Amino acid sequence: MVAFGLVSLTADMVYEGARSIYGPLLASLGASAVAVGLIAGAGEAAALLLRLVSGPLADRSRRYWTLTVAGYALTAVCVPLLAITPALGAAGLFVAAALILAERLGKAIRSPAKSALLADAAGRVGMGRGLGVHKALDQVGAFAGPLVVAAIVVAAAGRLWPALAVLAVPGAITMILLFVLRARSGTGGAGEAEHRTTARDDNAGEAPNHAAAAPRESMAAMAAALPRRFWWFATATALCTAGLVTYGLIGFHLVEAQIVTAPLVPVLYAAAMGAGALAALATGVIYDRAGGRTLTILPFLVAAAAALSFRTGLLPVVAGILLWGAAVGVQDSTVKAVVADLVPRERRATAYGMFAAVQGAAALAGGAAAGLLYQRSLTGLVIAVAASQTAALLVLATRLRSRRSTPR
């Protein structure tokens with residue numbers, strides 16, 4: 001858990017550092033609020049929807065390490081390339097949008113395979129606690145990356161591209177750590193070895209793509225094999241995802257409403273990531289004791305974050321951003337722990353892929369709607385988020401009433 005946490009720490013410095021200034025970057029390239037909402041929403045949708053493919057692929061091929069390494073490599077390359085977009089003139093916005101989507105594609109490729117490996121390791125110490133510790137290390141990078149970006153933006157007299165270029169350094173460190181971790185794990189890593197259904201000696205560190213270990217199934221058959229409670233949980237958290245506006249739009253609002261200057265936008269993002277780390281640890285420990293009902297706090301966090309983040313006063317906006325970060329931390333840790341406990345172990349990567357696809361559709365719809373509502377009515381945006389979270393709370397309260405979320 002700690003070794004993978006260090007990989008996530010340096011990787012988060014890269015993509016969370018970049019995400020902290022997506023709003024100001026896209027605005028500087030000529031994007032409107034609707035465009036920012038669409039690009040950020042589409043990026044999150046790509047990171048989630050495409051796991052519908054990468055999740056089952058991981059379980060079928062058993063190439064957990066290959067997919068993990070490929071996904072991290074794509075992120076390490078695409079983020080620093082954003083530094084060239086201000087020099088591309090009219091094409092800059094198009095290229096930036098493409099690179100943001102490609103970076104999120106890397107997230108989609110690696111996440112189900114990595115989550116399956118992590119779930120195996122976390123199961124030995126407590127699913128909620130184990131994933132909470134990993135998320136806390138992950139959030140250290142998410143906290144440090146934006147602060148590095150902010151410092152460089154200040155040093156560069158407000159220019160954003162030098163900060164993006166510097167993120168190539170933690171990107172390279174991520175890849176080095178990942179290859180060292182894989183080499184020390186022996187034949188493909190302990191987690192990968194445990195996922196194999198037959199004992200094989202594979203000196204290349206990969207299990208072959210064999211149908212005997214994981215028979216090919218149709219998408220409908222894989223979906224039907226997952227428990228009903230999993231789908232109810234996916235529906236509830238999709239409503240939460242739709243209401244959790246992207247930081248790209250929040251950052252756009254911070255600059256557009258002249259609440260803070262551009263260099264402070266990543267600083268506030270770093271603070272949000274710190275709040276996310278604390279929330280991940282706290283809800284992870286509580287989840288191991290109280291079960292799925294722990295997640296009923298999530299709709300309250302999402303609704304309050306929207307209500308405060310789009311105000312015009314600095315203090316309520318900061319409070320909203322901290323609540324936003326807490327909601328993100330819960331979604332990225334304890335929510336994953338619930339998914340792992342709701343499905344059979346051999347279906348975890350598939351379940352993470354299916355779950356992410358539902359969340360991706362919600363992220364795309366929510367991002368587009370948030371951008372439109374932001375331009376038309378901030379009050380309408382807050383009301384729409386509150387309505388979606390009320391529905392999410394009802395589903396969570398009625399479908400996750402038991403103390404433990406074990407698969408049936």
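Residues take their numbers from the sequence shown, with the count starting at 1. For clarity, every value in this text was computed on a predicted model and none was experimentally measured.
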Inter- and intrachain pairs under salt bridge (Lys or Arg N to Asp or Glu O under 4.0 Å), touching residues 296-312, at least two apart: none

With the side chain counted from C-beta on, respond yes when [X] and [Y] share a heavy-atom pair under 4.5 Å apart, and no when they do not.
{"X": "Pro24", "Y": "Leu160", "value": "yes"}
{"X": "Leu25", "Y": "Leu164", "value": "yes"}
{"X": "Val267", "Y": "Pro146", "value": "no"}
{"X": "Phe233", "Y": "Leu295", "value": "yes"}
{"X": "Ile21", "Y": "Val149", "value": "yes"}
{"X": "Ile321", "Y": "Tyr247", "value": "yes"}
{"X": "Leu82", "Y": "Ile100", "value": "yes"}
{"X": "Tyr64", "Y": "Leu67", "value": "no"}

Tell me whether Leu38 at atom CG has more than 12 heavy atoms from other residues, nucleotides or ligands lying less than 6.0 Å away. yes

Give the minimum heavy-atom separation between [X] and [Y], together with the two atoms involved.
{"X": "Met175", "Y": "Ala76", "result": "CG-CB, 4.3 Å"}
{"X": "Leu29", "Y": "Pro86", "result": "CD2-CA, 3.9 Å"}
{"X": "Ala236", "Y": "Ala392", "result": "O-CB, 3.5 Å"}
{"X": "Leu308", "Y": "Pro316", "result": "CB-O, 3.3 Å"}
{"X": "Leu249", "Y": "Ala33", "result": "CD1-O, 4.0 Å"}
{"X": "Pro162", "Y": "Ala156", "result": "CG-CB, 3.8 Å"}

How long is the straight-line distance from [atom2] of [Y] back to [atom1] of [X], given to the nearest 0.5 Å?
{"X": "Leu81", "Y": "Leu167", "atom1": "CG", "atom2": "CG", "value": "11.5 Å"}
{"X": "Leu396", "Y": "Cys240", "atom1": "CG", "atom2": "SG", "value": "6.0 Å"}
{"X": "Phe355", "Y": "Leu342", "atom1": "CZ", "atom2": "CG", "value": "9.0 Å"}
{"X": "Ile109", "Y": "Tyr72", "atom1": "CD1", "atom2": "OH", "value": "13.0 Å"}
{"X": "Lys107", "Y": "Leu74", "atom1": "NZ", "atom2": "CG", "value": "13.0 Å"}
{"X": "Gln331", "Y": "Thr283", "atom1": "CD", "atom2": "OG1", "value": "11.0 Å"}

[X]: what forms a side chain to side chain donor-acceptor pair (under 3.5 Å) with it, not counting sequence neighbours?
{"X": "Thr237", "answer": "Gln359"}
{"X": "Thr246", "answer": "none"}
{"X": "Tyr22", "answer": "none"}
{"X": "Gln389", "answer": "none"}

Main-chain N/O of [Y] paired with [X] side-chain donor or acceptor, under 3.5 Å:
{"X": "Ser388", "Y": "Val385", "answer": "yes"}
{"X": "Arg110", "Y": "Thr68", "answer": "no"}
{"X": "Ser20", "Y": "Gly17", "answer": "yes"}

Residues Tyr287 and Arg289: side-chain donor-acceptor under 3.5 angstrom: no

Can you list the residues that meet the side chain to side chain contact (heavy atoms under 4.5 Å, CB included) rule with [X], with sequence neighbours excluded?
{"X": "Ala31", "result": "Leu26, Ala35, Val36, Leu93"}
{"X": "Thr261", "result": "Pro263, Leu264"}
{"X": "Val318", "result": "Leu268, Leu314, Leu322"}
{"X": "Ala279", "result": "Ala326, Val330"}

In chain order, what residues pass the salt bridge (Lys or Arg N to Asp or Glu O under 4.0 Å) check against Arg104, with sequence neighbours excluded? Glu44

Going by ring-ring contact (aromatic ring centres under 6.0 Å, His included), name the residues that satisfy it together with Phe310, two or more places apart in sequence or in a different chain. His253, Tyr374

Check against side chain to side chain contact (heavy atoms under 4.5 Å, CB included), Leu378 and Val382: CA-CA 6 Å; Leu378 286 177; Val382 172; 5.6 Å; no

Does anything in residues 158-174 form a side-chain hydrogen bond (donor to acceptor under 3.5 Å, both in side chains)? List the pairs, not counting sequence neighbours. Thr10-Thr174

